[in-house]
There are 2 protein chains.
Amino acid sequence: MTEFGLSPIQATARDDAVLKALAGFVMREALGPGQRLPTERILAERLKVSRNTVREALTRWEGLGLVERRQGSGTYLKGVVSLDMLHMPLTLAGGNDFTSLMQTLEIRRALEAEAAALCAIRADQAEIAEIARKLDIMEQAFHTRAGMSAEEDWEFHQSIYRSSGNPLFEQIIAAMHELFHRFWEHPLGVRDFGHASFPYHRTIYERIAAHDPEGARAEALKLIATVEDDLKRGAAKLELSGQK
Amino acid sequence: MTEFGLSPIQATARDDAVLKALAGFVMREALGPGQRLPTERILAERLKVSRNTVREALTRWEGLGLVERRQGSGTYLKGVVSLDMLHMPLTLAGGNDFTSLMQTLEIRRALEAEAAALCAIRADQAEIAEIARKLDIMEQAFHTRAGMSAEEDWEFHQSIYRSSGNPLFEQIIAAMHELFHRFWEHPLGVRDFGHASFPYHRTIYERIAAHDPEGARAEALKLIATVEDDLKRGAAKLELSGQK
DNA sequence: ATGCAGAAATTGGTTGGACCATTGAGCCAT
DNA sequence: ATGGCTCAATGGTCCAACCAATTTCTGCAT
């Protein structure tokens with residue numbers, strides 16, 4: 001194990017100090033997403049605080065999505081960490097009913113369209129190629145597995161958000177995506193979900209590749225519209241079958 | 001101390017289970033902001049988990065701004081808690097620079113335009129009247145106080161979000177607004193900030209009152225564009241004066 | 001009785017040490 | 001090579017204290 005450039009902490013407000021020290025360490029070592037950071041035991045020893053304090057600090061970062069813990073393996077960076085970060089935790093009440101889903105879709109419509117337009121403006125050749133790659137993977141999965149391509153679908157969209165030049169798009173939409181997953185994992189019997197949206201993935205890509213922001217925005221809006229339709233169909237079915 | 005309706009927890013993923021149980025407890029007891037919740041020691045005893053686990057769970061909620069801890073006093077609710085909450089922690093890397101501000105503005109542009117459009121579709125007469133009232137107040141404040149109408153300006157926008165039929169708009173934009181305030185409270189020497197955007201408030205209102213969603217969207221976009229220009233001017237000034 | 005200072009109880013914050021559960025790497029027999 | 005096994009490393013949980021800030025109670029002086 002190498003020598004970590006970490007020095008002890010002093011007064012109260014330990015866990016904040018721990019996070020500050022850790023952020024500094026991450027910056028000095030130029031650690032990025034995916035990389036492992038020191039074990040809790042080592043951090044506790046180097047910073048001269050108890051392991052519990054280190055754990056509370058890391059729990060904070062985990063809650064902010066900055067870090068991921070894997071038991072038996074280690075703690076890994078999930079995002080970019082810097083000393084001067086601003087946190088904006090949003091908690092939205094409501095969640096699992098049809099209305100809430102439609103409301104999040106309205107937000108997503110706004111963001112998805114804007115992200116696609118920005119991407120069409122800003123994406124360079126490498127980024128466009130990456131999007132094309134994700135699109136190919138998705139289309140291939142769609143055909144071989146008869147429409148079960150949710151994971152690949154999501155990765156395609158993510159590649160667009162990443163190329164929008166604004167990381168907030170991915171952060172916000174990712175949170176909503178999680179909500180959607182939780183919702184139609186087991187309930188809601190719309191099997192062909194997403195089929196209708198399939199063709200628009202390619203049209204979005206084409207508008208982005210052509211650096212046509214308004215075209216990309218329009219295609220993104222069409223895609224979301226099909227999802228909304230699917231959702232309404234699913235809700236209607238639930239209504240009929242008498243469920244709540 | 002009353003009898004808490006809390007039952008033991010079972011398997012792994014303790015802290016999540018703790019939060020679920022706590023959320024259920026808060027709902028059953030109909031606890032609201034400002035009220036104190038049970039001691040960590042009591043929670044640990046009732047839920048049959050260690051106090052450490054309770055603390056990690058509460059640390060999560062504290063990070064989300066749902067709860068506030070006061071040493072020697074207790075843990076108090078800060079927001080509304082329910083079982084089906086969606087958490088959306090956003091992190092702005094390097095929070096106080098020009099880039100971060102522009103990024104939040106891009107998000108706001110997307111949401112503001114969509115909210116204005118939805119409002120034009122859905123707002124009823126009473127809501128339109130309320131928006132008109134806020135607009136009058138704002139314009140009057142603008143003229144009497146020579147442009148210092150930030151508070152009234154914000155209330156005008158809020159009234160639009162509220163009439164969009166989707167509470168998420170207000171929640172998300174409000175979080176960003178708070179962030180903005182913290183930023184240009186003292187730094188950034190653009191005095192005439194917001195002057196350029198003034199006329200568009202009335203045009204937005206007129207398009208909403210006319211139930212013209214695309215018109216409202218277009219005017220909202222113009223307004224945000226003026227804010228972006230102001231921001232760029234401010235950044236250019238900082239650049240000139242040699243600050244970082 | 002009243003008011004206030006000091007003691008005591010309450011409560012979140014921290015510590016250190018122990019053990020469990022999962023992971024991953026190295027080893028060994030096949 | 002391959003498959004299974006062992007074992008060390010690592011995060012997850014627990015316990016039992018003690019510290020620090022706050023609140024509440026107590027009792028004395030007025």
Side-chain angles (χ1 to χ4, degrees), chain A residues 1-4 6-22 25-26 31 34-78 81, chain B residues 1-4 6-22 25-26 31 34-78 81:
Chain A
M1 190 68 67
T2 77
E3 181 64 30
F4 297 108
L6 296 171
S7 41
I9 300 290
Q10 31 176 334
T12 52
R14 317 280 229 216
D15 45 359
D16 267 349
V18 168
L19 287 186
K20 230 178 82 182
L22 234 181
F25 171 73
V26 169
L31 298 181
Q35 294 197 264
R36 218 186 76 166
L37 35 87
T39 68
E40 296 176 350
R41 288 172 175 85
I42 291 185
L43 287 174
E45 178 192 347
R46 295 290 201 283
L47 297 172
K48 293 280 185 250
V49 294
S50 89
R51 199 181 141 215
N52 269 333
T53 305
V54 171
R55 283 188 58 74
E56 288 217 8
L58 286 178
T59 299
R60 280 234 217 317
W61 270 12
E62 191 186 24
L64 292 170
L66 292 177
V67 123
E68 178 185 353
R69 288 157 142 174
R70 289 208 285 274
Q71 183 173 176
S73 177
T75 304
Y76 299 83
L77 281 176
K78 249 172 78 179
V81 177
Chain B
M1 190 69 68
T2 75
E3 178 66 28
F4 298 107
L6 297 170
S7 42
I9 300 290
Q10 28 176 337
T12 51
R14 318 281 230 210
D15 45 357
D16 267 349
V18 168
L19 287 185
K20 231 180 82 182
L22 234 182
F25 171 74
V26 169
L31 297 182
Q35 295 197 264
R36 217 185 75 165
L37 36 85
T39 324
E40 295 177 352
R41 290 173 174 85
I42 291 185
L43 286 174
E45 178 191 347
R46 295 290 201 281
L47 297 172
K48 293 278 185 256
V49 294
S50 89
R51 200 182 141 212
N52 266 333
T53 305
V54 171
R55 282 186 60 73
E56 287 215 9
L58 287 177
T59 298
R60 280 233 218 317
W61 270 12
E62 191 185 26
L64 291 171
L66 291 176
V67 121
E68 178 184 352
R69 288 157 140 174
R70 289 208 284 272
Q71 184 175 176
S73 178
T75 304
Y76 299 82
L77 281 176
K78 249 172 79 179
V81 175

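Keep in mind that the numbers below use all heavy atoms, side chains included, and drop hydrogens, waters and symmetry copies. A note on names: the letters A, B, ... follow the listed sequences, proteins ahead of strands, and every chain is numbered from 1.
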Value in whole Å for how far the [atom2] atom of [N] lies from [atom1] of [X]:
{"X": "A/R36", "N": "C/dA25", "atom1": "CZ", "atom2": "C1'", "answer": "12 Å"}
{"X": "A/D15", "N": "C/dG12", "atom1": "CG", "atom2": "P", "answer": "15 Å"}
{"X": "A/E68", "N": "D/dT10", "atom1": "CD", "atom2": "P", "answer": "17 Å"}
{"X": "B/K48", "N": "D/dT13", "atom1": "NZ", "atom2": "C1'", "answer": "16 Å"}
{"X": "B/E40", "N": "D/dA21", "atom1": "CD", "atom2": "C1'", "answer": "14 Å"}
{"X": "B/E45", "N": "D/dA16", "atom1": "CD", "atom2": "C1'", "answer": "15 Å"}
{"X": "B/L43", "N": "D/dT13", "atom1": "CG", "atom2": "P", "answer": "16 Å"}
{"X": "A/E62", "N": "D/dT10", "atom1": "CD", "atom2": "P", "answer": "18 Å"}

Legend entry - Results of salt bridge (Lys or Arg N to Asp or Glu O under 4.0 Å) for A/R70 - residues two or more places apart only: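 Residues passing salt bridge (Lys or Arg N to Asp or Glu O under 4.0 Å) with A/R70: A/E68.
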Inset, instruction - Using five base pairs at each end, measure the axis-to-axis angle across the helix from C/dA1-D/dT30 to C/dT30-D/dA1 and round it to 10 degrees. - result: 10°
Any side-chain heavy-atom pair of [X] and [Y] under 4.5 Å:
{"X": "B/L22", "Y": "B/L58", "answer": "yes"}
{"X": "B/R36", "Y": "B/T75", "answer": "no"}
{"X": "A/E56", "Y": "A/R14", "answer": "no"}
{"X": "B/N52", "Y": "A/N52", "answer": "yes"}

Legend entry - Sub-4.0 Å heavy-atom contacts from residues 50-57 of chain B onto DNA chain C, ordered by number: B/R51, B/R55
Legend entry - Taking every non-hydrogen atom, the tightest pair across B/Y76 and B/G34: CD2-O, 3.5 Å
Inset, instruction - Using a cut-off of strictly less than 4.0 Å, decide whether B/R69 has a side-chain nitrogen or oxygen near OP1 or OP2 of C/dG13. - result: yes
Legend entry - Closest listed nucleotide, where the reference is the side chain of B/R41 and the choices are D/dC14, C/dG12, C/dT14: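 My answer, after comparing the listed nucleotides, is C/dG12.
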Legend entry - Set of residues satisfying side chain to side chain contact (heavy atoms under 4.5 Å, CB included) with respect to B/R51, sequence neighbours excluded: B/E40, B/R41, B/A44, B/R55
Inset, instruction - With sequence neighbours excluded, tell me which residues meet side chain to side chain contact (heavy atoms under 4.5 Å, CB included) with B/L77. - result: B/V26, B/L31, B/L37, B/V67, B/V81
Legend entry - Verdict with supporting geometry, B/K78 and B/L66, side chain to side chain contact (heavy atoms under 4.5 Å, CB included): CA-CA 5 Å; B/K78 249 172 79 179; B/L66 291 176; 6.0 Å; no
Inset, instruction - Check whether any side-chain N or O of B/T39 sits under 3.5 Å from a backbone N or O of B/I42 as a donor-acceptor pair, and report yes or no. - result: no
Inset, instruction - Output the residues of residues 70-78 of chain B in contact with DNA chain D, where contact means a heavy atom of the residue under 4.0 Å from an atom of the strand; sort by number or write none. - result: B/Q71, B/G72, B/S73
Legend entry - Polar contact flag, side-chain donor to acceptor under 3.5 angstrom, A/R69-A/T59: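 A donor-acceptor contact under 3.5 Å links the two side chains.
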